[in-house]
Protein chains: 2
Amino acid sequence: MTGTQTAAVTARSAPGYGEGRQALLAAAVHVVATRGLRHLTYRSVAQQANVAHGLVAHHFGTRDALLAAALEFSLANSVGSISTEPGSGDLDALFAGVVDMVRANPDDQAFQYELILEARRRPELRPQVEQVYATYREALRSELQAAGVEADDALVHLVFAAVDGLVFQQVCLDEPALTLPSLERLRDLLRPLSGRSVRAD
Amino acid sequence: MTGTQTAAVTARSAPGYGEGRQALLAAAVHVVATRGLRHLTYRSVAQQANVAHGLVAHHFGTRDALLAAALEFSLANSVGSISTEPGSGDLDALFAGVVDMVRANPDDQAFQYELILEARRRPELRPQVEQVYATYREALRSELQAAGVEADDALVHLVFAAVDGLVFQQVCLDEPALTLPSLERLRDLLRPLSGRSVRAD
DNA sequence: CGCACAACTGGTCATCTGGACAGTTGTGAG
DNA sequence: CTCACAACTGTCCAGATGACCAGTTGTGCG
């Protein structure tokens, strides 16, 4: 690519030298999220990344390996804190940023749900999926304990499943309007279990 | 197929005359659930159904139409009551059969999650998906009200999302051990909201 | 500048796929 | 039994796909 930027009328510019691998990872997330696993082909992902299709085999070897790497990439980019005030025990801060996070990164969420389902069929993907679930659950346990809630396994599992379900529905049915009030109700349900009564209501 | 049953050593027998269409629908659910949407091809579904692959085009015309029909088929086969004692208001009966239902029909659950994600990309699938969610939510609202719980939209949405999330995790991560205790905890959280205190603890 | 190596390109090929289609088989009514 | 029609079969074909690969280009070091 030597001085032909003016000739390149595509919406996406070619990645810089040495940036192809990363561009392919991001492209894989986008293609899967928007068109499904079925349409993730060497050519579709290369086109999305604006590189030649042979580069997929060059960097990843196989389609399966691309997917595994893309999952790792997506998780690394989206795992965040479950509270806007980590460690504070403030229930109002718990999951407070979820709706905006999903809105800001719908591709990552959708991609991850696709890959979680794929993990049923691809055992090599499971460690990553399980690790993320476990990480979030431990973080949730800490937050609940900081709030004075006795956080046994069943409660942690339930609360995390509830949020997982809310996000899934937001992503799939595009119903963000009810996510915030539902999270509010979740906090209302948890509040009597905590040692605190901060909210004046 | 005239008297060659002894020669047919395949695990699946060919469907009877006139039963091909139904066999293909069931096969589609199984193939998608076990191998993903990507591997749902005319040939894979026909092989699973033990019919010739041309029959897919004959009955459904296109792969997309097969999927839409299979979703309808799967939903018709799996939508059940959310309580083991419908209308009773008994919180202990609420979602009591869920774990066993998922265990008995993992294919249907997985298939439906695959199709829910697919509905993001295929607007024609959305009415069915939304209809099922709406039906379940209304049923949940009724059960909660029968239990004396003031069932506003946010609470219904939250409770259904929680169960949806639990089922998703059971299906994908194969962790049924925590589903029952989590449902128990969900009921514990709902109990103070009801006008009843039936459980002796 | 030359060189080693990585990144990248785009052609190639065997195989698969969606779907059309002509021919065969099965069913039920008259 | 005959006939109309639906169900079914398996071949065909154009296009797509995963992956390989020889050749080209870019980078950084000596």
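Each chain gets a letter, A, B and so on, in the order the sequences are listed, and its residues count up from 1.
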Check: A:Y113 ring centre within less than 6.0 Å of B:Y113 ring centre: no

Closest listed nucleotide, where the reference is the side chain of B:T62 and the choices are D:dA19, C:dG19, C:dA7: C:dG19

Value in whole Å for how far the P atom of D:dG18 lies from CZ of A:R38: 11 Å

Length of the CZ-P vector between A:R35 and D:dA16, whole Å: 12 Å

Touch class at under 4.0 angstrom, heavy-atom based, for A:L66 against every strand present: nothing

Touch class at under 4.0 angstrom, heavy-atom based, for A:L24 against every strand present: nothing

Proximal nucleotide (of C:dG11, D:dG18, C:dC8) relative to the A:H58 side chain: C:dC8

Whether A:S194 side chain and A:L190 backbone form a donor-acceptor pair below 3.5 Å: no

Contact nearer the 5' end of DNA chain D, comparing B:H53 with B:R21: B:R21

Any B:Y42 side-chain N or O less than 4.0 Å from OP1/OP2 of C:dG19: yes

Spacing of B:F60 atom CZ relative to D:dA7 atom C1', expressed in whole Å: 13 Å

Test item: side-chain donor near acceptor, A:T179 and A:S182, under 3.5 Å: no

Distance, rounded to the nearest Å, where B:L40 contributes CG and C:dG19 contributes P: 11 Å

Side-chain donor-acceptor pair present, A:D164, A:Y133, cut-off under 3.5 Å: yes

Closest to the B:A52 side chain, choosing from D:dG10, C:dG19, C:dC13: D:dG10

Over 12 foreign heavy atoms within 6.0 Å of CD, A:Q22: no

Interatomic distance where CD belongs to A:E19 and C1' belongs to D:dT27 [whole Å]: 13 Å

CG on A:L94 to CG on A:L183, rounded to 0.5 Å: 8.5 Å

Touch class at under 4.0 angstrom, heavy-atom based, for B:V51 against every strand present: sugar-phosphate

Protein-nucleotide distance (A:Q47, atom CD; D:dT17, atom C1'), rounded to Å: 14 Å

Atom pair distance, as rounded to whole Å: CG in B:L55 and P in C:dT24: 18 Å

B:R63, nearest nucleotide to its side chain (from C:dG18, D:dA19, C:dT9): C:dG18

hbond_proxy B:Y17 side chain to D:dA6 base (donor-acceptor, 3.5 Å cutoff): yes

Any A:R43 side-chain nitrogen or oxygen under 4.0 Å from OP1 or OP2 of C:dG11: no

Sugar-phosphate, base or nothing in reach of B:G18, heavy atoms under 4.0 Å: sugar-phosphate

Sugar-phosphate, base or nothing in reach of B:G54, heavy atoms under 4.0 Å: base

Whole angstrom value for the distance that separates P of C:dG10 from CG of A:N50: 11 Å

